[in-house]
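Chain A is the first sequence line, chain B the second, and so forth, proteins listed ahead of strands; every chain is numbered from 1. What you are looking at is a predicted structure, and each value in this text was computed from that prediction instead of being measured.
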Amino acid sequence: MPNDPFLIQDKEYSSRLILGTGKYPSPQIMAESIVVSATSMVTVALRRVDTNTAKENIIQYINREKVSLLPNTSGAIDAMEAVRLARLGKAAGLGNLVKLEITPNPRNLLPDGVETLKATEILVKEGFIVLPYIHADPILAKKLEEAGAATVMPLGSPIGTNRGLETRESIRLIIENANVPVIVDAGIGAPSHAAEAMEMGAAAVMVNTAIASSAYPIQMSEAFKLAVIAGRLAFLAGLGRKSQTAQASSPLTGFLKASK
Amino acid sequence: MSFKPVFKKFEEEQLNDCLKQYETITDADVLNALRNPKPTIYDFIALTSDQAILHLEEIAQKSKKITSERFGKIIQLYAPLYFSSECSNNCSYCSFSMDNNIVRKTLTIEELRKEGKFLKNLGFSHILLVSGEDRRTITTDYIAECIHSLKDIFSSISIEIAPQDVDEYKIFAEAGCEGVTVYQETYNRQEYKKHHIAGKKRIFDYRIDTPDRACQAGMRNVGIGALFGLAQWKVEALSLFTHLTYLQKTYWRTFFSLAFPRLRDHVSEYNPPPENELSDVKLVQLICAFRICFNDTGIVLSTRENPTFRDQVFPLGITRMSAGSSTEVGGYTGEISKNEPQFQIEDHRSVQEVFTSIQGQGYDPVWKDWEGIMHARS
């Protein structure tokens, strides 16, 4: 098998599974799920972090030597709110990675592409490594790449729905055209969904609800760990390279080569 | 935009039909409601009907599952902070009524901050500022000052005060408030007039458009509800369904929460007649039916309910709970002369006891789920 590092800009991550930190029954279960999943990156809602007191600080449950923090801007409804949150996180010492989430509708939490592009432009200029959460929109994905986004994170289906890759064909187009890692975010409800995204050539997947809201989060996080590895191996082994378009050579036109 | 015409149409054309539906609900209606991925008001009627009691376990299971998928196994904690008991209304059910001979108190900013710091030390980051309704003492400037003075203590500040105009809500938002709670008390116009005897609160239509005004001013979290016991519970429930449907479509950026407070003993004499009473079973049905019909709406459970009931019910659909509450002005630090609470609370456990009890059921009690800086207009 080829050497297969997962890079975001220049930094290498040992796992292609990114976990969320919300919705868990307790911080202890969250911490154990993180360890068992072998993830090397977890996302934390900046609005949940209390930068003033140590009380209920979810960050204290994360071993930052092994796991990178990916602060997110969930709750922000426009570019400026997200920018303010990102700056707050950076000032509080949470690093310069940011998962940009701009979701003006608090019920379906669908991302606002226009505001996300605006915020990406601002934050990239300020030196942030920006990972924007987007609808599976292939054009927006390219625009974000041009604006300096470090990855794109298209949704499989709306956050928390566990419905899997409803946007499959658009994600396929995004992966086909991207020069940055494509991380499938949101809607992944089962390890099989994660494996499918990895088989398609996603660089990584991000999972929260499916693990945190399951009856046994720790077991479920191990299941996801294995599914992501399996999906990636399958992609590298060639399954993911199955083309959607017709093959170049075929018996019907072979005679043309012969007559040349 | 205004809910007024929508509600008028509902009252005149739909409400009676809905009430009649309650009498014809069959088992099949309840089962259909449970299986409908996009439940309607008729499914809501089925789920809150007497017939549905036979399927209560299944209803509760579904509601619990939706809640944990959408919100996770977490309960967000908040505390009410009463800052004035002055009131220029007379309401049949409220201790703060103008004609009640009680000790009135309005906190100074210094006293308010003291109460705030006390609550912050307990762990609270989300605060609900509550007062009576008296525009002479509780002025716009004073309210704005109260909010502003607590900004460095709390990450989320909401208000439950007299209904305001859009411009006033804008001032409060500017000062650092992002949430408004306003209960219609009752959606039955006739009963509303009976219970709201004097004062500006008598104007039903001004109150019913308050959530609209709060949203228009840019408030991010808006809580609505009815005080169950003032009129037939079905009327309140169906009206809330209609109000919430309208609000969520109109103000799609705003997060809405529901509450179903039930009338408790207080200084006044009003006791709800039996047909108005919302029983424990019906309250559970309401929580679950609203959750099944509105997957992403907050549902609040206050200390008006007793500890046993709260512990049993919160996993079924609740997203926010108050704990260790005082409904008395200056009631936390206790340094202010004893005065009348607005209503009696039933859950007298300490914050830590409630916290431990939530954890004991496999839920994570969350102090902070908002960042004030996000909403700052700078």
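At a 4.5 Å heavy-atom cutoff, the contact between B:F255 and chain A is made by backbone and side-chain atoms alike. For A:S214, no part lies under 4.5 angstrom from a heavy atom of chain B. Of the two parts of B:T254, only the backbone, made up of N, CA, C and O, holds a non-hydrogen atom closer than 4.5 Å to a non-hydrogen atom of chain A. For a residue to count as touching a neighbouring chain, one of its non-hydrogen atoms must lie under 4.5 Å from one of that chain's; by this rule A:I77 touches chain B with backbone and side chain alike. Using a 4.5 Å cut-off between heavy atoms, A:L109 makes no contact with chain B at all. For A:V49, the part sitting under 4.5 Å from any heavy atom of chain B is the backbone (N, CA, C, O) and nothing else. With a threshold of 4.5 angstrom between heavy atoms, A:T209 approaches chain B through side-chain atoms but not through N, CA, C or O. Interface residue A:N162: only side-chain heavy atoms are found under 4.5 Å from chain B. Looking at A:I29, there are no atoms closer than 4.5 Å to chain B (heavy atoms on both sides), in backbone or side chain.
Looking at every heavy atom in both residues, B:R113 comes nearest to B:S149 through NH1-O, 2.5 Å. In plain terms, the two heavy atoms of B:M219 and B:C177 that are nearest each other are SD-O, 3.7 Å.
For the pairing with A:Y133, the side-chain contact (heavy atoms from CB on, under 4.5 Å) check across A:L100, A:T103, A:N72 returns one residue only, A:T103. The side-chain contact (heavy atoms from CB on, under 4.5 Å) with A:P25 is formed by just one residue from the set B:Q359, B:K73, B:Q361; it is B:K73.
Chain A forms more heavy-atom pairs under 4.5 Å with one residue of B:F256, B:Y363, B:W252 than with any other, namely B:W252.
No donor-acceptor distance shorter than 3.5 angstrom exists from the side chain of B:E178 to the backbone of B:R220, with no hydrogens or angles considered.
The cationic group of B:R320 lies under 6.0 Å from the six-membered ring centre of B:Y78 and within 45° of the ring axis, placing it in a cation-pi geometry.
Ion pairing of B:K65 with B:E69 is present here, as a side-chain N (NZ or NE/NH1/NH2) and a carboxylate O approach within less than 4.0 Å.
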